[in-house]
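These numbers were taken from a predicted model, which means no experiment stands behind them.
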There are 2 protein chains.
Amino acid sequence: MKGGEIINSLKEKILNTSIELFYKKGFEATGVREISKKAKVSPSMINYHFGSKKGILKEIMELFFSYMEEYLNKEHVEEKKFEERIRMAIKSLVIALRKNEKMFKIIMTQIPDDDIDLIEYRTEKMKKIILGKIFLDEFKGFNSNVKYEIIGPALSGMIFSHFLLKDIATQISGKIFDDEFYEIYPDYIADIYLYGALKKLKE
Amino acid sequence: MKGGEIINSLKEKILNTSIELFYKKGFEATGVREISKKAKVSPSMINYHFGSKKGILKEIMELFFSYMEEYLNKEHVEEKKFEERIRMAIKSLVIALRKNEKMFKIIMTQIPDDDIDLIEYRTEKMKKIILGKIFLDEFKGFNSNVKYEIIGPALSGMIFSHFLLKDIATQISGKIFDDEFYEIYPDYIADIYLYGALKKLKE
DNA sequence: GTCTATAGTCCGATAGAC
DNA sequence: GTCTATCGGACTATAGAC
């Protein structure tokens, strides 16, 4: 499971099936019987391998965040200038989220808000990714009265909402998001964010 | 219920309690017993007034969309120029969503994806709000090769994600979104969208 | 219109055999 | 490590009295 080892194939089957079902139907709407039936294992295997249904959620979070940290650490953006750093940060974030979009949606929308452990774990990890690694560091060179609690979330909002609202966007517009789309998407977002829609529209 | 009439106080109690619970815990995680207990009515009143638990969801959608349509129809932006129209559209959308942020989050994240009727109803109404009323009309004056399926969602993404991820944003940043915040928020979003973050940072 | 009582189903978790 | 069988409780919806 960790780092691509192939151990415990049954556990992986449960995990992958759970990701599909939690993504499509939601955590609460998915029963352990449904997971075990679709994964072709016994229901008791869920409790044996994960302790409880919530235990699956915990492992999904660990898998997602360990992937994200590893992926985003690979990038060396320190030596680039501001525009280029923002552009690269957007590109790598889009790639990383696209590879894990089901887990991302589950983690952002399906964690029960009364499970303090899971909520705190998510908060800590998201803080590391959003504040530490990607956005706030980039703004340190600037000394203005800009509200960072708007300008940062404005960027992450453009990206996050795409992955969270993908299905609804497809229902509304009919647009399907394929490889061709994701090739131009990060640069478009970067352009709008850095230079605005007006420049984009008039060019 | 419609247009502020005060009829059927028990039905309203159930509806308001449901909005609170669906927002906080999610639709599936909330039981009819819990709603009825908190609203201090009998569980059978839910089926009497709404037919089923899903019936509450349907009424929440109708309430939200009738409010949004009424509110957004009040604005007369046709005579303004592009920048001003975008700015006003953002402001009225933010005000309308803030007034109904709980219903909005429920509608965007809690509709069961296998309930075709509810999904289609949401799609039709969202299309009317997003495509027809607010964004796409604004771009008709431009003849460029700009991808509207990016530039439109980029704007709605900045706004929608704020309301969908508010709680997580507060957990991460500690920031609380008060009246003061919402006074500057729409213009900030408009500035970033129209002219970009770089201009904002350097001014 | 509102209640109590309950029917009928499904839930997550576990005991115990292999 | 994997299975079958089952416990105890919670679920939504409804019947029927008032």
Side-chain angles (χ1 to χ4, degrees), chain A residues 1-2 5-61 106 110-119, chain B residues 1-2 5-61 106 110-119:
Chain A
M1 200 77 68
K2 279 178 194 169
E5 296 166 61
I6 303 175
I7 42 159
N8 212 341
S9 159
L10 218 77
K11 192 180 176 185
E12 283 194 7
K13 257 198 242 174
I14 294 170
L15 194 61
N16 291 332
T17 308
S18 299
I19 290 170
E20 291 301 319
L21 289 170
F22 292 170
Y23 175 75
K24 197 166 162 21
K25 306 185 53 176
F27 175 72
E28 298 285 351
T30 304
V32 288
R33 282 171 177 79
E34 192 180 3
I35 297 167
S36 65
K37 195 180 172 187
K38 211 185 163 201
K40 285 171 186 147
V41 300
S42 154
S44 61
M45 281 300 92
I46 288 170
N47 293 79
Y48 178 78
H49 284 295
F50 298 93
S52 67
K53 195 178 121 182
K54 264 189 191 166
I56 307 176
L57 222 39
K58 184 79 195 294
E59 289 235 1
I60 289 173
M61 288 180 83
I106 292 165
Q110 299 299 319
I111 309 296
D113 85 314
D114 58 353
D115 191 317
I116 297 164
D117 285 351
L118 290 184
I119 294 287
Chain B
M1 200 73 74
K2 279 178 196 170
E5 298 165 60
I6 303 174
I7 42 159
N8 213 340
S9 160
L10 220 78
K11 191 179 177 186
E12 283 193 7
K13 257 199 240 172
I14 295 170
L15 194 60
N16 291 332
T17 308
S18 299
I19 290 169
E20 289 303 318
L21 289 169
F22 292 170
Y23 175 76
K24 197 166 161 23
K25 306 185 52 175
F27 175 72
E28 297 286 351
T30 304
V32 288
R33 280 174 178 75
E34 192 179 2
I35 297 167
S36 65
K37 195 180 173 187
K38 213 184 162 203
K40 286 171 186 145
V41 300
S42 153
S44 60
M45 280 300 94
I46 288 169
N47 294 80
Y48 179 78
H49 284 296
F50 298 93
S52 68
K53 195 178 122 182
K54 264 189 191 167
I56 308 176
L57 222 38
K58 183 76 194 298
E59 289 235 0
I60 289 173
M61 288 179 83
I106 291 166
Q110 298 299 320
I111 309 295
D113 85 314
D114 57 354
D115 191 316
I116 297 165
D117 285 351
L118 290 185
I119 295 286

Answer with base, sugar-phosphate or nothing: what part of the nucleic acid does B/Ser36 contact at a heavy-atom distance below 4.0 Å? nothing
Would you mind reporting whether A/Glu59 and A/Ser18 have side-chain heavy atoms less than 4.5 Å apart? no
Taking the side chain as C-beta and beyond, is there a heavy-atom pair between B/Phe22 and B/Ile35 under 4.5 Å? yes
For A/Tyr48 and for A/Ala29, locate the closest nucleotide of DNA chain C by heavy-atom distance; then report the residue assigned to the nucleotide nearer the 5' terminus. A/Ala29
Rounded to whole Å, how long is the line connecting atom CD1 of B/Ile35 with atom C1' of D/dA10? 14 Å
Please give, in whole Å, the distance from D/dG16 C1' to B/Asn47 CG? 15 Å
Taking the minimum atom-to-atom distance to the side chain of A/Lys53, which one of C/dA13, C/dT2, D/dC3 wins? C/dA13
Rounded to whole Å, the CZ-C1' distance (B/Phe27 to D/dC11) equals 12 Å
Let's test your reading of the model: under 3.5 Å, does the base of D/dT2 pair with the side chain of A/Ser44 as donor and acceptor? no
Can you measure B/Ile56 atom CD1 to D/dC11 atom P for me and round it to whole angstrom units? 14 Å
Protein-nucleotide distance (A/Ile14, atom CD1; C/dA13, atom C1'), rounded to Å: 14 Å
Please report, rounded to the nearest Å, how far the P atom of C/dG1 is from the NZ atom of B/Lys13. 15 Å
side-chain contact (heavy atoms from CB on, under 4.5 Å) assessment of A/Lys25 paired with A/Glu34: CA-CA 11 Å; A/Lys25 306 185 53 176; A/Glu34 192 180 3; 3.0 Å; yes
Rounded to the nearest Å, what distance is computed from the CD1 atom of residue A/Ile46 to the P atom of nucleotide D/dT4? 14 Å
A/Lys11 atom NZ is separated from D/dT2 atom C1', nearest whole Å, by 15 Å
Cation-pi check for A/Phe27 against A/Lys53: NZ or CZ below 6.0 Å from the six-membered ring centre and within 45 degrees of the axis, yes or no? yes
Could you tell me which non-hydrogen atom of A/Ile46 sits nearest to which non-hydrogen atom of A/Ser52, and how far apart they are? CG2-O, 4.3 Å
Side-chain contact check for A/Leu10: nearest option of C/dC3, D/dC3, C/dT14 is D/dC3
For A/Met45 and B/Lys54, find the nucleotide of DNA chain D closest to each by heavy atoms; which residue's nucleotide sits nearer the 5' end? A/Met45
